[in-house]
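Quick notes on the structure that follows.
Order of the sequence lines fixes the chain letters, A, B, ..., with proteins taken first and strands second; residue numbering starts at 1 for each chain. As a basis for the values below, the full set of heavy atoms in this structure was taken, side chains included, without hydrogen atoms, waters or symmetry mates.
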Amino acid sequence: MSAEINASGERSTGRLPQGEAVRQNVAVRQRRGRVWEAVLFASTVVGIVILVMLAFNIVNDAFGGIAVQSVVEEEELTDGRQLEALSQQELVGILETNLRSRVLRNLERERPLAERSKEELIDIINQEIIKPEVVAIYPLSEFLFNRPAIEAELAEAFPRAELQFKSWLNWNFLTSPMSSNPLQAGIRTAILGTLSLLLLTILIAFPLGIGAAIYLEEYNSDKPFDERSPVGRWLNRAIQRTAGLIETNIYNLSGVPSIIYGILGLAIFVRALEPITSGAVFGANEGVTANGRTILSAALTMSLLVLPVVIISSQEAIRAVPSSLRQASYGLGATKWQTVWKIVLPNALPGILTGTILAISRAIGETAPLIVIGASTFIVTDPSGLFSKFTVLPLQIYNWTSRPQEEFRAIAAAAIIVLLILLLSLNAAAILLRNYLRSKRIST
Amino acid sequence: MTSATYDSKYAIETRDMHIYYGAFRAVKDVTFGIERNKITALIGPSGCGKSTVLRSFNRMNDLIPGARTEGEVLYHGQNLYGPDVDAVQVRREIGMVFQKPNPFPKSIYDNIAYGPRINGWKGSKAEMDELVERALRGAALWDEVKDDLKKSGLALSGGQQQRLCIARALAVEPEVILMDEPCSALDPISTLKIEELMFELRQNYTIVIVTHNMQQAARASDYTAFFLMDKDDRAGQLIEYDTTNNIFQNPKDKRTEEYISGRFG
Ligand SMILES: Nc1ncnc2c1ncn2[C@@H]1O[C@H](COP(=O)(O)OP(=O)(O)O)[C@@H](O)[C@H]1O
Ligand SMILES: [Mg+2]
């Protein structure tokens, strides 16, 4: 490793380190590299820590302990036996001795107790007599690691309360509609709303965005009108100017805050186009209650919001198709449309799909524009069509997190988990679809 | 486009052709004729406009924004740049093979079938099978791929890919085949195969080939056109056009002689 120094200085300018200095110089450069490596590693760690904290926070709220206290203990009613073990007559007997006569009469009038099934009777006993009530809730971390303190606290405040594990995310939560009682509230309406909004947005934004991207990438330089007449020249120029304007501003559009799209949607779709978006012109009678604040308006607004990103990512995918393939196609006598349809699009499709699904999946989490266009925050009926009222998961979450009771925070966390699962599965679907299309397009 | 009455020994003739890229004149004043059923080589140093001239023969230059051709390019006596001529029809009759092999990311079979299909193929599946075989035989590739026509065209070697591209061009039954340095990305053995193939094809097609390789031009062509860039305006021009024998044995222009003897370019 010893560099020879030319005595006459002919081979060396003397400006580069020589001999021992080389070793030192290399060591310094290597050290600098390692410092940067450590910095990069640290930023990765910060990212991961943030992710873990996020996950911890959500899980901590969505699961945990609840202290349930009943008005009457089950054992007192049944002399230590289980409700399920009793016969139908015994259950009726319990109801008759413990309920006030007016309540009893009402129940009998609905349907005689003797005709009801055991399950039904047990439900009634639970609701009307035992009346379990959540008196305190604890996040998961406290429930797991702070048990003695919790139990002591409970013993003092609610001596009869029973501490049990609670997953706020459960089947009932997924399938019940909204309710003002956090223990009964569910997200069925919101899930259906989010899914239908998503589907509609895809149906609107996909064809529009891909179409615009194809035009901008493949047809932009075309002169559709006759260049020899002044009118034709003028029209060609106008088309090209417009396309140029769109092309240069599309990045700006994708950066516009989403609430501004909400304001736009409110002005155009909810107000100006109300006869259409409320379904009035199609004779849909739901329009009477929803006005223009329908799922259709929301989907149109969301489409506006994601359109720039859909266009940009489609353009990138189209641009990534090698021009040699286009030339090969043209060289065989293909028209522009044939080349686009049979060569460019199939090769760009995997990229287009991943890009656009990712873009659209961002829209699932959007809240601001939906608030602006007036999506419902409290609604118990499922969306039933283009012209119905609706709510979506983020809106529901937003609504719950803004309430003071702890129970709402817990179900908000459970809803966040559902939203995240929805997002992740959509992204996973995008990746699977891309891989499938890639493998179908034989390429090795 | 084919007119039966037109009768000339030339498949393609250019008259006072100038080609521009925007304001830049890349090629000036080219007047010559490509003989039918012969191989014509276009030679000259890099940047002298060989590819530009070649692409003007099937209007591939139209795809380059700002490219413009002045003068006439006659094919069967008709100006290819006339107002009523559709470039799509021109390219169907004058096919092209590119410098870098560019098979579609499809099966070998579909690579060949693509051209006929987009050009309104009306035959049956069996007839298409036949056409694919004929095109592959025509490009001397059949024996190597006949057992897996379902394989991707991209899975072939470079030389095979280029022959696949030739087969693909043959499948639309063109009259003229333009080749832009078709062997520049290939090894010597593949190159030799393509040259042999050109000799075969000459019986049925007119071939124009751009080549960088002097030996190839001397070996594999009947006519040679030598292009050189004008030092003053950097526009390529046709210096000398003759039989390959004359160009290589007995060039009339001093610049041609200097070029083929390797003294510049
Ligand atoms: N697409 C293009 N746009 C602008 N100029 C071009 C383009 N293609 C080629 N040229 C120019 O035209 C001249 C001839 O190019 P080309 O025909 O490719 O030469 P050759 O094939 O002989 O090497 C060169 O000066 C080149 O820079
Ligand atoms: Mg070239």
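- Using a 4.5 Å cut-off between non-hydrogen atoms, no part of residues 242-251 of chain A approaches chain B.
- Open room surrounds CH2 on A:Trp341; 12 or fewer heavy atoms of other groups in view lie less than 6.0 Å from it.
- When heavy atoms are compared at a cutoff of 4.5 Å, B:Pro101 does not approach chain A at all.
- Other residues, nucleotides and ligands contribute only 12 or fewer heavy atoms inside 6.0 Å of the CZ atom of A:Arg362.
- Counting non-hydrogen atoms of other residues, nucleotides and ligands closer than 6.0 Å to CD of B:Glu70 gives a total above 12.
- Looking at every heavy atom in both residues, A:Ser329 comes nearest to B:Tyr114 through OG-OH, 2.7 Å.
- Nearest approach of B:Ile118 to A:Leu332, heavy atoms of both residues: CD1-O, 4.2 Å.
- Contacts with chain B (heavy atom to heavy atom, under 4.5 Å) involve these residues of residues 315-327 of chain A, listed by number: A:Ser324, A:Leu325, A:Gln327.
- In this structure, the portions of B:Val88 lying under 4.5 Å from any heavy atom of chain A include both its backbone and its side chain.
- Side-chain contact between A:Tyr330 and B:Asn58 is absent, with no heavy atoms from C-beta onward closer than 4.5 Å.
- Within the 4.5 angstrom heavy-atom criterion, atoms from both the backbone and the side chain of B:Arg168 approach chain A.
- There is no contact between A:Lys336 and chain B, counting heavy-atom distances below 4.5 Å.
- When each of B:Val172, B:Asn119, B:Val97 is checked for heavy-atom pairs under 4.5 Å with chain A, B:Asn119 comes out on top.
- B:Lys106 has its side chain within reach of A:Ile343: a pair of non-hydrogen atoms, C-beta onward, lies under 4.5 Å apart.
- Of the two parts of B:Pro174, neither the backbone nor the side chain holds a non-hydrogen atom closer than 4.5 Å to a non-hydrogen atom of chain A.
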